[in-house]
Amino acid sequence: MKPTRLTSPVLIGRIGELATVAAAAGQVRLGAGRAVFVTGEPGIGKTRLLRESGLAGTGMAVLTGRATATGGAMPFRPLVEALNTRLRAGPPPTGPELEPFRPALGRLFPEWRAGASESTLVIAEGLLRLLAALSREQTLALVLEDLHDADPETLDVLGYLVANLDALPVLVLASVRTGPSPALDLAYRAARDHGVPVVELVALDDTEVAALAAQCLRVDTGALPDGLAQRLARDSDGVPYVVEELLAGMVAGGVLHHDGLRWHADRDLTLPVRVTVTRTVADRADRLGPDARRLLEAAAVIGGRFPLAVVRSMRNMAEDEADRLVRAATAAHLLRPDPTGDGWHTFRHALTADALRAELAPDEHRRLAAVAARALATSHPGLPGELCSLAAELHLAAGDHDAAARLLAEAGTRALDEGAATSAAGLLERAHLLLRDTVPASMVLESLLVALEETGEFDRAQRLVDAMLARADLPTARAIALQSRLGWNAFHGGRTADAESRVAAVRMLLGPDAAAAELAAAEVVDAHVLSLHDGRAEEAEEVALRAATAAERVPLPEVVCRARQLLALLARRHGFAAADRHLLEILRVADEHGLPLWRVRAAIRLASNEMIRSGRSEALRQARDAAWAMGAVHTGYDADASLAMHDVFFGRYAEAVHSTQECAGALSRFGKVVDLQYVLVVRAAAHGQRGSRAGMEAALTEYDRRGGTGSFYTPLVHGLCRAFCALLEEDPAGARAELAAARAFEDHHTTIYYQWGRYGLSLLLDALAGAAPAPEAAHPAAELRWNRQFVHFAEAVRRGAADDAAGAGAALAAAREAAAVFPTAHRLGLRLVAESALAHGWGEPVTWLREAEHHFQGLDAPLVASACRTLIRRAGQRAPQRRAGHDRLPTGLRDLGVTVREYEVLLLLAERRPNKEIARRLYLSHRTVEKHVASLLRKTGQPDRTTLCGYATELRPG
């Protein structure tokens with residue numbers, strides 16, 4: 001019986017390839033995300049393999065999207081197409097982890113659109129969270145086809161998803177054509193870095209070609225006409241699509257016919273037969289009639305995917321006639337319905353459109369491309385979305401380079417406005433190259449530099465600018481704008497020498513009599529570079545203020561905001577009120593010129609300053625919420641990190657650790673290394689300020705691994721982390737050494753952090769050591785509430801030592817008022833001051849020690865709690881009994897009969913402390929420590945003190 005369609009009803013071969021997909025699907029059903037890339041030449045069966053993989057039968061929700069080569073690829077098309085099949089089928093997912101990313105996802109799903117555009121990286125994180133939310137309802141298979149035609153943003157997002165799928169029940173299947181392409185590079189990079197399988201489909205062997213032909217003709221292999229299988233294997237090179245098309249051509253051309261019983265060949269199949277893929281596609285189009293052929297040729301000129309209304313206009317066809325012809329072409333397997341609908345249609349295979357275009361004479365191709373460009377502009381005024389770049393490609397094919405350049409520049413600018421910086425860079429560079437001999441090329445270049453700044457391609461930007469600057473006809477104003485922009489790019493890329501050279505070039509172009517307004521953009525760059533040099537903060541401040549004032553007059557609002565932001569940081573050394581004045585100026589400029597992102601940035605910095613001064617975080621939380629609501633994700637994470645440090649100060653250590661885990665995961669995926677370093681310091685402080693040295697050092701090890709060593713967070717590492725932890729271990733000498741290291745670092749580096757100890761904790765330790773008051777006590781930073789508590793504690797110690805009991809009491813009251821919101825720092829101050837008060841006979845040290853002991857006992861900081869009890873007993877008072885029940889002991893030690901005091905000794909043995917040091921730290925005699933060590937050796941079964949120290953290290957709590 002003659003078949004109604006010449007395609008195989010079953011997949012031939014590919015058993016091993018299907019097994020690879022099935023294995024990945026099995027892992028996903030167990031909760032482990034997996035990805036598989038399928039590669040191969042055109043027509044080899046990539047799409048067929050994905051569709052025959054049987055995923056629907058596994059209970060997975062299969063979401064499919066496809067990239068197309070129509071015009072310039074639309075950002076995120078395959079992802080949007082795939083996810084919309086789910087999002088349009090039911091209510092959108094919700095959840096606290098997804099909500100902050102809904103504005104960013106509005107780039108993909110217009111019904112979610114709100115707020116500012118965000119980077120591709122933020123969209124990728126949002127999609128990861130969206131997949132997480134969707135996969136809680138049903139295991140997902142995300143099938144993305146023809147990625148060789150995908151836009152850069154889709155590939156960036158896919159790379160991000162593949163790298164972070166592990167914990168999600170999501171399978172990603174992606175197909176990509178062999179041959180050089182960014183998509184194939186991504187596949188092999190994923191294989192190298194993440195072990196993702198890359199399944200390369202090879203040509204069918206002769207036996208498989210024969211089996212495929214038999215299935216297409218609906219007969220057994222033995223019933224094939226003589227020589228047919230050999231001829232197909234030779235002419236198709238084992239490519240399944242070509243086998244099917246050659247068979248269709250042979251049947252249509254009468255080379256093969258069916259007599260009702262079997263197939264016969266009308267000629268010797270070993271002889272040449274004029275059958276090719278191009279010819280068979282053209283013949284099939286011809287059999288539909290001349291009107292259908294004309295419609296398909298017009299559609300092929302547009303691309304593999306086309307809007308039917310434009311084709312109708314090109315060929316002056318009525319709507320019902322065009323619809324009839326499309327249905328006929330679909331039945332003939334030349335076209336297939338487009339998943340997006342909306343009047344678009346798609347060729348069944350990319351090779352089909354290629355074959356039809358190959359049949360056109362060059363002049364006819366150019367003519368049809370020009371007609372298509374005009375029809376597209378007429379039917380879609382303004383050329384929205386992907387149509388702008390599609391029209392540009394048609395003008396290029398028609399030979400109209402000026403119109404193509406104009407549309408490429410417009411498409412690139414739109415992509416940049418929407419945050420698709422990589423696509424924007426590609427479009428704008430093409431426009432720039434088409435315009436290379438005209439002055440407008442420099443205007444396109446400015447937008448291109450913005451895109452390259454976003455993508456971090458500073459070398460590429462420099463080459464383009466230098467080529468433009470070499471032109472003799474480039475206006476000076478344009479050259480200045482380009483140099484200033486490149487200087488800003490260089491600074492953000494960490495290339496300060498390049499930034500300085502660009503500023504110098506602007507100054508040379510303008511000469512010694514340059515107006516401040518002409519220099520403003522370059523001087524902002526200069527000020528930022530100066531701020532990095534030791535001892536040049538005053539000069540940086542002067543240059544930044546001059547730039548801000550001049551830019552305000554032009555106006556250049558972005559330049560004003562950049563300058564004021566730097567001024568706000570530099571002004572902190574004069575006091576936070578001075579910093580606030582610059583931030584308020586940013587708010588004003590942002591409101592006046594409609595810069596919502598700058599407004600929320602300034603609001604967050606203002607609220608951070610308020611929190612640092614007063615200890616109140618309400619304003620910062622509101623500003624953070626505003627950032628998340630508008631989709632300013634990076635700014636939101638900055639605020640979250642500040643709030644996590646606030647939680648550390650307020651003794652909410654578990655909350656701080658949880659926040660930093662959330663921030664660190666996202667910032668690590670974003671590649672925001674500097675911000676990640678700060679978050680890791682906050683995590684270390686959360687552990688260190690509760691006395692967990694192991695947890696602190698683990699966080700700092702990760703901080704060092706992420707390049708933090710020697711960064712400007714170094715004072716925080718020494719002061720807020722290690723010095724504070726040392727005090728909870730009753731090691732004031734160690735704390736003073738850490739603070740001295742922080743001071744030595746800060747003396748040679750500019751800092752913007754004032755709470756690490758120089759203006760607070762160091763002053764208290766100096767007072768306890770009998771040192772003279774330091775000038776830092778009069779610095780504006782000493783008025784910050786975290787520092788102020790220690791300043792007053794120090795004053796209480798000095799007055800008490802000078803027999804001024806009344807003054808000491810007043811200072812202590814002031815300290816306690818400032819410290820009221822900082823539970824651990826407050827009690828640490830009481831513990832330190834109480835020892836001095838006992839020695840000098842003033843105040844109520846026993847009362848303070850009981851309060852401190854209760855706090856540190858609950859904090860599980862045994863050494864400082866023990867010191868409080870020892871001091872209480874030294875004062876002749878009965879100390880709290882904390883040993884009954886051994887509730888703080890690890891179970892294994894409790895079973896061995898280890899006492900709480902012996903456990904305290906064991907903790908110090910883990911640090912390889914000598915007995916004399918342990919005795920001093922625990923306020924015990926040297927003889928008592930020796931007895932405890934001997935008891936520990938006996939109870940733990942360790943042979944000597946060295947092995948006991950190693951045993952203690954392994955048991956030490958994290």
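In what follows, residues are counted from 1 in the order of the sequence shown.
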A.B. asks: Kindly give the heavy-atom pair with the smallest separation between A563 and A544, and that separation in Å.
C.D. replies: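 Result for this residue pair: CB-O, 3.6 Å.
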
A.B. asks: For the pair V679 and Y637, evaluate side chain to side chain contact (heavy atoms under 4.5 Å, CB included) and give the outcome as yes or no after the intermediate values.
C.D. replies: CA-CA 10 Å; V679 167; Y637 276 125; over 6 Å; no

A.B. asks: Less than 4.5 Å apart, any side-chain heavy atom of L676 and any of V673?
C.D. replies: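 A side-chain contact is absent here, since even the closest heavy-atom pair is not under 4.5 Å.
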
A.B. asks: Going by heavy atoms in the side chains, are L832 and L764 under 4.5 Å from each other?
C.D. replies: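 With C-beta onward as the side chain, the pair touches.
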
A.B. asks: Do we see a donor-acceptor contact under 3.5 Å between the side chains of S659 and D640?
C.D. replies: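 There is no such pair (donor and acceptor under 3.5 Å, judged by atom type) between the side chains of S659 and D640.
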
A.B. asks: Kindly determine whether V554 and V559 satisfy side chain to side chain contact (heavy atoms under 4.5 Å, CB included), including the steps that lead there.
C.D. replies: CA-CA 10 Å; V554 176; V559 173; over 6 Å; no

A.B. asks: Tell me which pairs pass salt bridge (Lys or Arg N to Asp or Glu O under 4.0 Å) where either residue lies in residues 786-798, with sequence neighbours left out.
C.D. replies: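 For residues 786-798, and leaving out neighbouring residues, the salt bridge (Lys or Arg N to Asp or Glu O under 4.0 Å) pairs sorted by first residue read E795-R799.
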
A.B. asks: Please give me the minimum heavy-atom distance between A548 and V560, naming the atom from each residue.
C.D. replies: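 Closest pair (atom of A548, atom of V560, distance): O-CG2, 3.9 Å.
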
A.B. asks: For the residue pair L720 and V681, establish whether any side-chain heavy-atom pair is separated by less than 4.5 Å.
C.D. replies: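 Answer no - side chains too far apart.
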
A.B. asks: Any side-chain to backbone donor/acceptor pair from H840 onto S836? Under 3.5 Å, distance only.
C.D. replies: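 The answer is yes, because a donor-acceptor pair under 3.5 Å joins these two groups.
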
A.B. asks: Rounded to the nearest 0.5 Å, what separates atom CD in E538 from atom CG in L570?
C.D. replies: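 Atom-to-atom, E538:CD and L570:CG are 9.0 Å apart.
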
A.B. asks: Walk me through whether R683 and E702 qualify under salt bridge (Lys or Arg N to Asp or Glu O under 4.0 Å).
C.D. replies: CA-CA 10 Å; R683 183 186 300 174; E702 178 67 6; over 6 Å; no

A.B. asks: Can you tell me which residue among R562, H582, R581 is in a side chain to side chain contact (heavy atoms under 4.5 Å, CB included) with L567?
C.D. replies: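 With L567 as partner, R562, H582, R581 yield a single side chain to side chain contact (heavy atoms under 4.5 Å, CB included), made by H582.
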
A.B. asks: If you round to the nearest 0.5 Å, how far is CD of Q689 from SG of C725?
C.D. replies: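 Rounded to the nearest 0.5 Å, the SG-CD separation comes to 9.5 Å.
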
A.B. asks: Using 4.0 Å as the upper bound for N to carboxylate O, is an ion pair formed by R605 and D580?
C.D. replies: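 No, this pair does not count.
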
A.B. asks: Looking at every heavy atom in both A641 and V682, which two are closest together, and how far apart are they?
C.D. replies: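 Result for this residue pair: O-CG2, 4.2 Å.
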
A.B. asks: Does any pair with a residue in residues 520-532 pass salt bridge (Lys or Arg N to Asp or Glu O under 4.0 Å), and if so which ones, sequence neighbours excluded?
C.D. replies: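 Residue pairs with at least one partner in residues 520-532: R507-E523, R507-D526, E523-R546.
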
A.B. asks: Does atom CD (Q661) have a neighbourhood of more than 12 heavy atoms from anything else shown, all under 6.0 Å?
C.D. replies: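 Yes, CD of Q661 has more than 12 neighbouring heavy atoms, counting only those of other groups under 6.0 Å.
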
A.B. asks: Strictly below 4.0 Å, N to O, side chains only: are R690 and D860 in salt-bridge contact?
C.D. replies: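 Salt bridge absent between R690 and D860.
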
A.B. asks: Show, in sequence, the C-alpha distance, side-chain angles and deciding distance for V529 and V503, and conclude whether the side chain to side chain contact (heavy atoms under 4.5 Å, CB included) test is met.
C.D. replies: CA-CA 10 Å; V529 173; V503 172; over 6 Å; no

A.B. asks: The test is side chain to side chain contact (heavy atoms under 4.5 Å, CB included); show your working for I612 and Y754 and say whether it passes.
C.D. replies: CA-CA 9 Å; I612 291 170; Y754 294 91; over 6 Å; no

A.B. asks: Do H528 and W488 have their ring centres less than 6.0 Å from each other?
C.D. replies: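 Yes, close enough.
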
A.B. asks: Decide salt bridge (Lys or Arg N to Asp or Glu O under 4.0 Å) for E618 and R621; before the verdict, give the C-alpha distance in whole Å, the side-chain angles of both, and the deciding distance to 0.1 Å.
C.D. replies: CA-CA 5 Å; E618 294 82 1; R621 294 183 190 280; over 6 Å; no

A.B. asks: For L620, is there any backbone N or O sitting under 3.5 Å from a side-chain donor or acceptor partner on S617?
C.D. replies: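 Not at all, since once roles are kept as given, no pair shorter than 3.5 Å links the two residues.
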
A.B. asks: Tell me which donor-acceptor pairs under 3.5 Å the side chains of residues 811-822 have, and how far apart each pair is, sequence neighbours excluded?
C.D. replies:
unit_1	atom_1	unit_2	atom_2	d
R816	NE	H826	NE2	3.0
R816	NH2	E851	OE1	2.6
R816	NH2	E851	OE2	2.8

A.B. asks: Does any non-hydrogen side-chain atom of Q857 lie less than 4.5 Å from one of R869?
C.D. replies: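 Side chain of R869 against side chain of Q857, heavy atoms only: contact under 4.5 Å found.
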
A.B. asks: Nearest heavy-atom pair of S501 and D498: which atoms, and what distance?
C.D. replies: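 Looking at all heavy atoms of both residues, the closest pair is OG-O, 2.7 Å.
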
A.B. asks: Do you see a donor-acceptor pair shorter than 3.5 Å between the side chains of R758 and N787?
C.D. replies: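 Judged by distance alone, the side chains do not pair up.
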
A.B. asks: Is the shortest side-chain heavy-atom distance between V864 and E729 below 4.5 Å?
C.D. replies: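 A side-chain contact is absent here, since even the closest heavy-atom pair is not under 4.5 Å.
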
A.B. asks: Tell me yes or no: between the side chains of S866 and R921, is some donor less than 3.5 Å from an acceptor?
C.D. replies: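 There is no such pair between these side chains.
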
A.B. asks: Using 0.5 Å steps for rounding, measure from the CZ atom of F745 to the OH atom of Y713.
C.D. replies: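 Nearest 0.5 Å value for the CZ-OH distance: 11.5 Å.
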
A.B. asks: Quick one: does R722's side chain get under 4.5 Å of L700's, heavy atoms only?
C.D. replies: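 Yes, close enough: below the 4.5 Å cut-off.
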
A.B. asks: Check whether the side chains of Q755 and R785 place a donor and an acceptor atom closer than 3.5 Å, and report yes or no.
C.D. replies: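 No - no donor-acceptor pair under 3.5 Å links their side chains.
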
A.B. asks: Could you check W598 against Q565 for side chain to side chain donor-acceptor pair (under 3.5 Å), going step by step and ending with a plain yes or no?
C.D. replies: CA-CA 10 Å; W598 275 108; Q565 181 173 262; over 6 Å; no

A.B. asks: Salt bridge check, R613 against E783: does any charged N sit closer than 4.0 Å to a carboxylate O?
C.D. replies: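 So E783 does not pair with R613 through a salt bridge.
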
A.B. asks: Apply side chain to side chain donor-acceptor pair (under 3.5 Å) to the pair S668 and R706, showing each step before the final yes or no.
C.D. replies: CA-CA 9 Å; S668 177; R706 298 287 189 164; 3.0 Å; yes

A.B. asks: With a 3.5 Å distance limit and no angle check, can you tell me whether S608 reaches the backbone of I604 through a side-chain donor-acceptor pair?
C.D. replies: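 Judged by distance alone, yes, a pair lies under 3.5 Å.
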
A.B. asks: What distance do Y678 atom OH and F712 atom CZ have between them, rounded to the nearest 0.5 Å?
C.D. replies: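 It comes to 11.0 Å.
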
A.B. asks: State whether the number of non-hydrogen atoms from other residues, nucleotides or ligands found under 6.0 Å of H779 atom NE2 is greater than 12.
C.D. replies: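 More than 12 within 6.0 Å, yes.
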
A.B. asks: Given E552 and R588, is the salt bridge (Lys or Arg N to Asp or Glu O under 4.0 Å) satisfied, shown in steps?
C.D. replies: CA-CA 11 Å; E552 178 80 25; R588 181 186 63 77; 2.9 Å; yes

A.B. asks: Could you tell me if the side chain of P845 sits less than 4.5 Å from the side chain of L871, heavy atoms only?
C.D. replies: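 They are not in contact (no side-chain heavy atoms under 4.5 Å apart), so the answer is no.
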
A.B. asks: With distance as the sole test, does T714 use its side chain to make a donor-acceptor pair with the main-chain N or O of S711 at under 3.5 Å?
C.D. replies: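 Yes; at least one donor-acceptor contact below 3.5 Å.
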
A.B. asks: So which heavy atom on G829 is nearest to which on F793, and how close?
C.D. replies: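 Here G829 and F793 meet closest at CA-CE1, 3.7 Å.
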
A.B. asks: Assess, by modelled atom type and distance only, whether the side chains of E655 and H646 contain a donor and an acceptor separated by less than 3.5 Å.
C.D. replies: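 Distance-only check fails for E655 and H646.
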
A.B. asks: Output the distance between atom CG (L680) and atom OH (Y703), rounded to the nearest 0.5 Å.
C.D. replies: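 Going from CG on L680 over to OH on Y703, the span is 9.0 Å.
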
A.B. asks: Is it the case that Y653 and T824 place a side-chain donor and acceptor less than 3.5 Å from each other?
C.D. replies: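 On atom types as modelled, these side chains qualify, holding a pair under 3.5 Å.
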
A.B. asks: Is any side-chain N of the basic residue among R743 and E746 closer than 4.0 Å to the acidic one's carboxylate O?
C.D. replies: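 No salt bridge links R743 with E746.
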
A.B. asks: Measure the spacing between CD1 of I586 and CZ of R564 and express it to the nearest 0.5 Å.
C.D. replies: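 If I round to the nearest 0.5 Å, the distance is 8.5 Å.
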
A.B. asks: Is it true that E730 and R920 have a side-chain N and a carboxylate O under 4.0 angstrom from each other?
C.D. replies: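 Salt bridge: no.
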
A.B. asks: Looking only at non-hydrogen atoms, find the nearest pair between L587 and A603 and report the distance.
C.D. replies: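 Between these two residues, the closest heavy atoms are CD2-N, 4.1 Å.
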
A.B. asks: Are side-chain heavy atoms of E776 and L763 found at a separation under 4.5 Å?
C.D. replies: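 A side-chain contact under 4.5 Å exists here.
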
